[in-house]
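A quick write-up on the structure given underneath.
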Amino acid sequence: MKLIIAIVQDDDAGDLIDVLNDEKFGVTKLATTGGFLKAGNTTLMIGVNKEDVDKVLGIIEKECKTREQLITSPSPVAGATGVYVPYDVEVEVGGANVFVIDVDKFLKI
Ligand code: 2BA
């Protein structure tokens with residue numbers, strides 16, 4: 001068995017969970033926060049049989065869109081005057097960051 005941990009954007013999470021549930025995959029949704037943007041995102045834990053991993057990865061890839069996000073730098077830099085000046089940074093976020101982990105045991109007790 002494998003555990004798929006997928007960090008996705010909040011906007012994609014609802015539809016992704018619906019599709020996974022339609023395909024009879026169990027999903028646990030965690031409300032998480034990205035360490036860089038300090039913005040909310042969603043982490044899904046999906047336990048699957050080894051042979052279903054590629055199918056789930058395909059669904060995640062289809063449902064999760066890459067987006068450009070403009071942020072004001074969380075760590076403003078000091079200009080020549082010594083005044084701290086926030087600056088805008090454009091980052092590409094998503095589609096999904098995915099970890100696939102071996103599961104030793106899965107118990108429902
Ligand atoms: P955040 O940490 O908030 O990162 C959001 C986006 O900001 C990243 O998108 C990336 O484009 C950019 N970014 C992150 N760290 C950066 C840095 N040090 N310098 C410049 N730009 C940076 P994604 O790569 O798609 O990541 C989306 C979210 O997935 C991340 O939110 C984080 O919550 C999670 N994530 C990404 N890589 C991870 C990893 N190796 N381990 C754990 N979580 C990860």
Side-chain angles (χ1 to χ4, degrees):
M1 187 172 204
K2 300 278 185 182
L3 178 65
I4 298 174
I5 298 176
I7 303 158
V8 306
Q9 295 174 73
D10 291 345
D11 288 346
D12 293 326
D15 287 349
L16 175 57
I17 291 169
D18 287 348
V19 175
L20 290 169
N21 283 338
D22 288 349
E23 296 286 340
K24 311 290 181 226
F25 292 113
V27 181
T28 294
K29 174 179 183 272
L30 305 171
T32 47
T33 303
F36 184 69
L37 294 183
K38 311 279 189 285
N41 54 27
T42 298
T43 298
L44 302 181
M45 296 197 302
I46 311 154
V48 296
N49 293 323
K50 205 173 167 184
E51 55 272 21
D52 287 325
V53 167
D54 287 343
K55 182 173 181 182
V56 170
L57 294 180
I59 292 169
I60 294 171
E61 190 171 10
K62 185 159 174 260
E63 296 298 324
C64 295
K65 318 274 182 292
T66 300
R67 295 183 180 85
E68 298 290 330
Q69 206 165 323
L70 194 65
I71 55 155
T72 300
S73 154
S75 309
V77 292
T81 60
V83 176
Y84 280 85
V85 184
Y87 61 97
D88 288 334
V89 184
E90 195 169 57
V91 293
E92 189 177 86
V93 185
N97 286 274
V98 182
F99 302 86
V100 181
I101 297 167
D102 287 326
V103 174
D104 283 344
K105 266 187 193 172
F106 173 56
L107 306 172
K108 289 189 184 187
I109 48 180

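- Crowding of E61 atom CD: a count of heavy atoms from other residues, nucleotides or ligands under 6.0 Å not exceeding 12.
- Atom CG of residue N41 and atom OG1 of residue T33 lie 6.5 Å apart, to the nearest 0.5 angstrom.
- Between C64 and V8 the shortest heavy-atom distance is SG-CG1, 3.7 Å.
- Note that the CG atom of D104 and the CE atom of M1 stand 12.0 Å from one another [nearest 0.5 Å].
- Under a hydrophobic-cluster definition in which Ile, Leu, Val, Met, Phe, Trp and Tyr are linked whenever side-chain heavy atoms come within less than 4.5 Å, directly or via other members, F106 and I46 are assigned to different clusters.
- Under the 4.5 Å side-chain heavy-atom criterion for grouping Ile, Leu, Val, Met, Phe, Trp and Tyr, V53 is not connected to M45 through any hydrophobic cluster.
- Within the 3.5 Å criterion, the main-chain N or O of G35 finds a donor-acceptor partner in the side chain of K38.
- The existence of a salt bridge linking D12 and R67 is confirmed by a sub-4.0 Å separation between a basic side-chain nitrogen and an acidic carboxylate oxygen.
- By the neighbour-count criterion of 12 heavy atoms within 6.0 Å, atom NZ of K65 is densely surrounded, having more than that number from other residues, nucleotides or ligands.
- Note that the CD1 atom of I4 and the CG atom of L57 stand 5.0 Å from one another [nearest 0.5 Å].
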Exercise for the section: With side-chain contact (heavy atoms from CB on, under 4.5 Å) as the test, would you mind laying out the steps for I60 and L44 before giving the verdict? Expected result: CA-CA 10 Å; I60 294 171; L44 302 181; over 6 Å; no
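- Closest non-hydrogen pair, G95 versus T66, comes out as N-OG1, 3.2 Å.
- We find the CD1-CG distance between I59 and D15 to be 12.5 Å, quoted to the nearest 0.5 Å.
- Inter-residue side-chain proximity for I7 and F99 is flagged as met; some heavy-atom pair is nearer than 4.5 Å.
- A donor-acceptor pair under 3.5 Å links the side-chain atoms of Q9 to the main chain of V93, judged by distance alone.
- Residues satisfying the side-chain contact (heavy atoms from CB on, under 4.5 Å) test with E51, not counting sequence neighbours, are N49.
- Linking Ile, Leu, Val, Met, Phe, Trp and Tyr residues whenever their side-chain heavy atoms come within less than 4.5 Å leaves V98 and I5 in two separate clusters.
- Partner V56 forms a side chain to side chain contact (heavy atoms under 4.5 Å, CB included) with one of V27, V100, V48 and no other, that one being V48.
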